[in-house]
Amino acid sequence: MRSLCREAAKAGSEYLALTDTNGLYGLIHFLEAARQCGIRPIVGAQLQLNNATAASPGSINRALHHPLLKTRPSTSVTEHCSKNKTEAVVVLAKTPKGYELLSELLTRRHLNEHFSLERDFPRAPEDLAVLGSNPDIIQTLRSRAECWIEVVPGPAGREALKLAATLGIPPIATNAVYFAHPDDCPLHRLVRAIDCCLTLSTLPPEEVVQPGQWLKTTEEMAVHFPDCPEAIANTMKLAGSCHTDWDHSRLVFPRYKDQADDHFALLLEACRKGICRRYGVSSTAIEERLAEELELIQAKGYVDYFLVVADIVARRPIHCGRGSAAASLVSYLLGITHVDPIRHNLLFGRFLNPERKDPPDIDVDFPWDERSALHEELRQYYGTERMATVANHVGFGARAAVREVAKVYGVPAAEIKEVTRRMSSWTGPQDISRRVESHPKFHGFSLDPPWPEIMKWAMRLESLPRHLATHCGGVILAPDRVSRYVPVERSARGVHLVQWEKDQSETAGLVKIDLLGNRSLAVIRDTLAAVQKNTGLAIDYASLNPIDDPATLDLLRRGDTMGVFYVESPAMRQLQQRAGRGDFEHLVIHSSIIRPAANRYIHEYIRRLHGAPYQPIHPSLKELLAETYGIMVYQEDVVRVAMAMAGFTWAEADGLRKVISKKGSEQLSDYHHRFTEGCKLRGIVDEVVQSVWDMFLSFSGYSFCKPHSASYALVSFKSAYLKTRYPAEFM
């Protein structure tokens, strides 16, 4: 995406259109890349006219994104294999309303098996533009949209010019761009062969675009249309009439289904009841914290969001609200979370603060075998149009890339398996050729031709979009129809998916609620049921809070925790034994510091825990990290340290936290520079700055905030308590 925008900017283009096949899969990434490169983005999609040859549900295998020049709205990257090539038209959104109409049209294209472009296309001449060369379709749609005859270089373009003259519809010049550079054409051919399940030698020529369909300058395009300058002029005319100032950052909150006019009053009333249930009586600390949170929740417009999540969790008594939401007193009072944020000093600002632009994220675990039924219950309650699941965009990993390239090269399956099985433990982006050269499993293993060439192409293929999958728990609940904001399609299992993955959904303001499955909660549920059956004692899960139970504390201190949620792994049991602490506060630390990238800091943590003297990395961090013995343990430690040492604002520091969690982000070097410069302005020496930065990087991949660790630690305590007090039922 960025390479297309960079190349367009380098070519002097002012406009660029991205038109994925039957979707807007890369839209938000495209808009971000266009802004960074100074390009004015045009939004559109290529719609295939024939449903029968469409990709299988959820597939974006070959939806490599293409652009259009300063000039042209591009067509999509792939047309799927068929004996008769699938015809398509490009539809552009000229206005924000046109975007909604296009999103709805794409949704119908995926969800309605009887979809017909001629029948389902809306009447929107001011909002949508159609580019195509099928005379029947253009004639049908000319009264419903602004129609243009698409003219491309070559013989097909000359035929299109004749058609434009015959129909009296203006021609528009495009290059139907499929790749940024001429040398990308072989990669396109490779992807088409994979899509068609054919070898490169048997791939029909008609399944591959012309080598010239790369991103050209306006001058290079003009050479192809010497007798039709108006086609070039029309491209500029259409581009200039399209809306390009796209803003998808407004938050889209679910609407609470209640007839009352004042939903804030409902929230306040629920919180008051929660105070009686959780604390018995109120206090100054509770009232001050509640007032602070409610003021911000109301100002941000999050009232309905909290009411909706509270309604969801009320449907299943055994659950664990986690993530940063556990820092919220309102969440605790509503029963969304179960850790007391006041007692355990959980910072509300980690969840919500005046500078936070992205939507809050509430994650809730349910017993693993109840989640599907809960999803269905919510679909029935809110309606299928208002609810959809977040997608995962699955790219080619190293093994898959090698396997697929080898297949199209015609390598026998047994030989492919012999190579790819040696890559079984590889994770994350790889320099495949270098890794093969150095990896022990490849020592003495000869890779004769064509394997060196296969490895080279596999590296080019790695991380390209392969297919859609279903996110493990992310649910979007919209105030009306989800399809107004993003196209929706059906997964292979029949689940309605938005076409964006988690990051694009959040950037576009869609508020995600993570409803996840947890096996240990099912164990706790079944244990409580067995205890009641055997003893007659009914233990309430929500009020079970055994963090002061001596026997439970001792069990955790000893690391005798097989079967206990989150503390049963060998690493966690060993950490408990080495620490010799079973209290809640230390278990919260251990639940977070156990992340793999922090291994080298765990040894120092144990040393300091047992009384070894230490000096803080910097005097400004002495009080900040006193609770964790001068070591950064939680995600919010990154935020607070960046603010204290480099003068970052909360928003800047939280941006750093997010970038660190996405390993290999292009923005990381920029943040490193800003952090270093901010520290230098405060006279902090380079050695200290680098030590702190190294500790920041230990949060890459995955890490926890303190509220999340506290939520997990409480479930661990509940599980450990049941193992201690009711071992037969627990086992």
Review point. Parallel, tilted or perpendicular: which fits the ring planes of Y712 and Y566, with parallel below 30° and perpendicular above 60°?
Key: tilted
Exercise for review: Please report the closest heavy-atom contact between A326 and T337, naming both atoms and the distance.
Suggested key: CA-CG2, 3.7 Å
Review point. Can any side-chain N or O of H393 pair as donor or acceptor with the backbone N or O of Q499 at less than 3.5 Å?
Key: yes
Review point. Which of these, L215, L187, V209, sits in a side chain to side chain contact (heavy atoms under 4.5 Å, CB included) with F179?
Key: V209
Check your understanding: Hey, are the side chains of F115 and H110 touching, using non-hydrogen atoms and a 4.5 Å cut-off?
Key -> no
Check your understanding: Between N22 and L106, is there a donor-acceptor pair closer than 3.5 Å when you use the side chain of the first and the backbone of the second?
Key -> no
Check your understanding: Would you say the side-chain atoms of K94 pair up with the backbone N or O of A239, donor to acceptor, closer than 3.5 Å?
Key -> no
Exercise for review: Indicate yes or no: does R316 engage E377 in a salt bridge with an N to O separation below 4.0 Å.
Suggested key: yes
Practice item. Please determine, by modelled atom types, if R108 and S483 share a side-chain donor-acceptor pair under 3.5 angstrom. Key: no
Point to revise | CA sep, side-chain torsions, deciding dist, call: R595, S698, side-chain hydrogen bond (donor to acceptor under 3.5 Å, both in side chains) | key: CA-CA 8 Å; R595 63 187 188 277; S698 75; 3.1 Å; yes
**Study point:** Main-chain N/O of D245 paired with H243 side-chain donor or acceptor, under 3.5 Å
**Key:** yes
Check your understanding: Charged N to carboxylate O below 4.0 Å: is that the case for R189 and E207?
Key -> no
Review point. Does W214 reach the side chain of H181, with side-chain heavy atoms less than 4.5 Å apart?
Key: no
Exercise for review: Hey, could you give me the CZ/OG distance between F704 and S591, rounded to the nearest 0.5 Å?
Suggested key: 7.5 Å
Review point. Hey, does the side chain of D304 reach the backbone of Y256 with a donor-acceptor pair shorter than 3.5 angstrom?
Key: yes
Check your understanding: Is it true that E404 and K407 have a side-chain N and a carboxylate O under 4.0 angstrom from each other?
Key -> yes
Check your understanding: Does the T107 side chain pair with the main chain of V488, one donor and one acceptor, at a distance under 3.5 Å?
Key -> yes
Check your understanding: With side chains defined as the heavy atoms from C-beta onward, is the minimum distance between V91 and F121 less than 4.5 Å?
Key -> yes
Practice item. Check whether any side-chain N or O of D654 sits under 3.5 Å from a backbone N or O of A651 as a donor-acceptor pair, and report yes or no. Key: no
Review point. Side chain of S13, backbone of A9: donor and acceptor closer than 3.5 Å?
Key: no
Review point. With H471, which residues qualify under side-chain contact (heavy atoms from CB on, under 4.5 Å), at least two apart?
Key: V390, N392, K502, D514
Exercise for review: Answer with yes or no whether the side chains of Y25 and E489 bring together a donor and an acceptor at under 3.5 Å.
Suggested key: yes
Practice item. Check step by step if side-chain contact (heavy atoms from CB on, under 4.5 Å) holds for T244 and I42. Key: CA-CA 6 Å; T244 57; I42 296 172; 4.1 Å; yes
Revision key, fill the gap. Looking only at heavy atoms, the pair that brings K512 and I476 closest together is CA-CD1, 3.9 Å
Practice item. State, to 0.1 Å, how close G349 and W650 come at their nearest heavy-atom pair, and which atoms those are. Key: O-CZ2, 3.0 Å
**Study point:** E636 and R657 ion-paired at < 4.0 Å
**Key:** no
**Study point:** R315 CZ: over 12 foreign heavy atoms closer than 6.0 Å
**Key:** yes
Practice item. Evaluate the criterion side-chain contact (heavy atoms from CB on, under 4.5 Å) for residue pair E385 and H496; output intermediate values, then yes/no. Key: CA-CA 9 Å; E385 290 188 338; H496 284 195; over 6 Å; no
Review point. Would H29 and E501 count as having a side-chain donor-acceptor pair, cut-off 3.5 Å?
Key: yes
Review point. Is the closest side-chain donor-acceptor distance between E32 and Q36 under 3.5 Å?
Key: no
Point to revise | Distance, nearest 0.5 Å, that separates CG of L31 from OG1 of T507 | key: 10.5 Å
Review point. Near R255 CZ, under 6.0 Å, is it more than 12 heavy atoms from other residues, nucleotides or ligands?
Key: no
Point to revise | side-chain contact (heavy atoms from CB on, under 4.5 Å) between L497 and R490, worked out | key: CA-CA 6 Å; L497 298 177; R490 188 180 291 109; over 6 Å; no
Review point. Measuring from L477:CG to I312:CD1, what's the distance to the nearest 0.5 Å?
Key: 5.5 Å
**Study point:** Cationic N near anionic O, under 4.0 Å, D480 to R386
**Key:** no
Practice item. Could you please spell out the steps behind the side-chain contact (heavy atoms from CB on, under 4.5 Å) verdict for L515 and L378? Key: CA-CA 11 Å; L515 308 177; L378 294 175; 3.5 Å; yes
Revision key, fill the gap. Hits for side-chain contact (heavy atoms from CB on, under 4.5 Å) against D369, two or more places apart or cross-chain, chain-then-number order -> P367, A522, R525
Exercise for review: Mind checking the CZ-CE spacing from R434 to M455? Nearest 0.5 Å is all I need.
Suggested key: 15.0 Å
Point to revise | Student check: side-chain heavy atoms of R460 and D184 closer than 4.5 Å | key: yes
Point to revise | Nearest heavy atoms of F306 and S328, plus distance in Å | key: CE2-OG, 4.1 Å
Point to revise | Separation between CD of Q635 and OG of S592, rounded to the nearest 0.5 Å | key: 7.5 Å
Point to revise | Side chains of C320 and V364 in contact at under 4.5 Å (non-hydrogen atoms) | key: no
Revision key, fill the gap. E462 and G397 have their tightest heavy-atom pair at CG-C, 4.2 Å
Check your understanding: Ignoring hydrogens and geometry, is there a side-chain-to-backbone donor-acceptor pair from Q504 to I28 under 3.5 Å?
Key -> yes
Check your understanding: Is atom NZ of K300 surrounded by more than 12 heavy atoms (other residues, nucleotides or ligands) closer than 6.0 Å?
Key -> yes
Check your understanding: Closest heavy-atom contact between Y99 and R484?
Key -> CE2-O, 4.0 Å
Check your understanding: Are F675 and F696 near enough that their ring centres are under 6.0 Å apart?
Key -> yes
Check your understanding: Is any side-chain heavy atom of N518 less than 4.5 Å from a side-chain heavy atom of W368?
Key -> no
Check your understanding: Which distance, rounded to the nearest 0.5 Å, do you find between the CD1 of I362 and the OH of Y305?
Key -> 4.0 Å
Review point. Does some side-chain heavy atom of L27 sit less than 4.5 Å from a side-chain heavy atom of W500?
Key: yes
Review point. Between the main-chain N or O of T420 and the side-chain N or O of R399, is there a donor-acceptor pair closer than 3.5 Å?
Key: yes
Practice item. Side-chain contact test, heavy atoms from C-beta onward, threshold under 4.5 Å: evaluate it for I660 versus L656 and give yes or no. Key: yes
